[in-house]
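What follows is a set of notes on a single structure, which appears directly below.
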Amino acid sequence: MKVRTRFAPSPTGFLHIGGARTALFSWAYARRHGGTFILRIEDTDVARSTPEALQAIIDGMQWLGLAHDEGPFYQMQRMARYKEVIGEMLAAGTAYHCYMSIAELDALRAEQEARKEKPRYDGRWRPEPGKTLQPPPAGVPPVVRFRNPQEGVVAWDDQVKGRVEFANSELDDFIIARADGTPTYNFCVVVDDRDMEITHVIRGDDHVNNTPRQINLLQALGAPVPRYGHLSMILGDDGQKLSKRHGAVSVMQYEEEGYLPEAVLNYLARLGWSHGDEEVFSMEQFVQWFDLDHITGSAAQFNTEKLNWLNTHYLKLADPQRLAAEATRRLAQQGVAVTGGPEMERVVVLYRDRVGNLNELADAVHPFFVMPKPTDEVRAQHLTEAALKGLGALRERLLACAWQAAELGQIVKQTAAESGLKMPQLAIPLRVALLGMPQSPSIDAVLEVLGRERVLARLAAVLPA
Ligand code: GLU
């Protein structure tokens, strides 16, 4: 059997963290088995679907690198196909027209509630052998109902939850096409899962109650029933259901906040799935390990600290070229141009193991690209007369020396000694002069990366003329 999985978001909001995990697991399962991963956009809720939400989903998937092999398929473009299948089901007798009016439905519900029964359709338009139906009322457009089996159970071995069973008596003859002919949600999902030959449906467990209806429909269509795996929900750091209250729930918000996609993916992979005690792994490794047997049925709790830790880890490993591009882009968003500055790739290397995210990285490298403006307070504290004398002597020696970190470090040390200063008494004022602040990575590296011209100009700016 060739594995075919799908991710089927409704474009009614952003790609949130739960959806991204569903997408990741569906993608990984297909990759693991050399199968096909399909993207399907469930946009039939016209009132709530927006082009912005669609774009946010596509952007989120792309940012995470979860490439689909087929699609995106749009349900709104498949209406003719749904109507065709409804026609086939009516012809086969697995679906039927129901002419019950809203008023009749309301009356039925009131009666059932008075009897303390669960409101459900009573099957009055369901054809049965030997049953005579009333003649259809004139001018009432009918809905189409599925002829759900009345006896027995519908059950499946859920890949996550184990065996799940529903009594058919619990499921009524639900509507598959509304009076205006539009197909309903469960029906579209079923036609798509069948037509797209989906073998494994991995989705959130908010869909568990849809599954028995979908299985019955598939069986009525004579279609194979895929395997289902319903993922438990994700709780916030505080153990409450994840919601907007928890801050970054949209995937692209993590991008804005400076997370690397590999950190988010690694984090999501461990959210409800495990491979022994492994915490840090690449997507290649994940795909080799991933299976549906090690997904926990209990809710997974979000842990921002762990995500942050993973982000720090991946920042250290990230390619300087990529970090440079990110820092450049983020500075440009603040109106800071880096042209004419030192080589960004060399600057980011000084900071990639000192920051928690890409925004912090951009902030950290910022002083390399603008003339520093130390505050009066910082000046008064660090640019004392003795310090300025030391900096003056240093400038003389930097005019013509070899420009290389080890050599530069030596020079700073010697100048300090000759000026009667301890190393920090010169190195800290030097940092203030070069970057406007008393802390920085190793001063030799800062000097080297900044380059002779900029160093001399920045020293000149603080030294008396
Ligand atoms: N469109 C559904 C949702 O966004 C998913 C349907 C499915 O996976 O079967 O929740």
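Just so you know, ligand 1 is whichever comes first in the structure, and atom 1 is the first atom listed for that ligand. Quick note: numbers below take in every heavy atom, side chains included, and nothing from hydrogens, waters or symmetry partners.
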Taking the basic N atoms (NZ, or NE/NH1/NH2) and the acidic carboxylate oxygens, is any pair closer than 4.0 Å for D195 and R78? yes
Does the distance from a Lys or Arg side-chain N to an Asp or Glu carboxylate O, for E128 and R147, drop under 4.0 Å? yes
State whether F37 and R6 meet the cation-pi test: NZ (Lys) or CZ (Arg) under 6.0 Å from the six-membered ring centroid, and within 45° of the perpendicular axis. no
Is it true that R330 and E326 make a salt bridge, defined as a side-chain N closer than 4.0 Å to a carboxylate O? yes
Those residues that, when tested against D158, pass side-chain contact (heavy atoms from CB on, under 4.5 Å) (two or more places apart): W156, V160, K161, V164, Y228, H230
Mind listing the N or O contacts between ligand 1 and protein, cut-off under 3.5 Å?
{"unit_1": "ligand 1", "atom_1": "1 (N)", "unit_2": "A8", "atom_2": "O", "d": "2.7"}
{"unit_1": "ligand 1", "atom_1": "1 (N)", "unit_2": "S10", "atom_2": "OG", "d": "2.9"}
{"unit_1": "ligand 1", "atom_1": "1 (N)", "unit_2": "E42", "atom_2": "OE1", "d": "2.6"}
{"unit_1": "ligand 1", "atom_1": "4 (O)", "unit_2": "S10", "atom_2": "N", "d": "3.3"}
{"unit_1": "ligand 1", "atom_1": "4 (O)", "unit_2": "S10", "atom_2": "OG", "d": "3.3"}
{"unit_1": "ligand 1", "atom_1": "8 (O)", "unit_2": "R6", "atom_2": "NH1", "d": "2.6"}
{"unit_1": "ligand 1", "atom_1": "9 (O)", "unit_2": "R6", "atom_2": "NH1", "d": "3.3"}
{"unit_1": "ligand 1", "atom_1": "9 (O)", "unit_2": "R6", "atom_2": "NH2", "d": "2.8"}
{"unit_1": "ligand 1", "atom_1": "9 (O)", "unit_2": "R203", "atom_2": "NH1", "d": "2.7"}
{"unit_1": "ligand 1", "atom_1": "10 (O)", "unit_2": "H207", "atom_2": "NE2", "d": "2.9"}

Could R40 and Y74 be counted as a cation-pi pair, given that NZ or CZ must be under 6.0 Å from the ring centre and within 45° of the axis? no
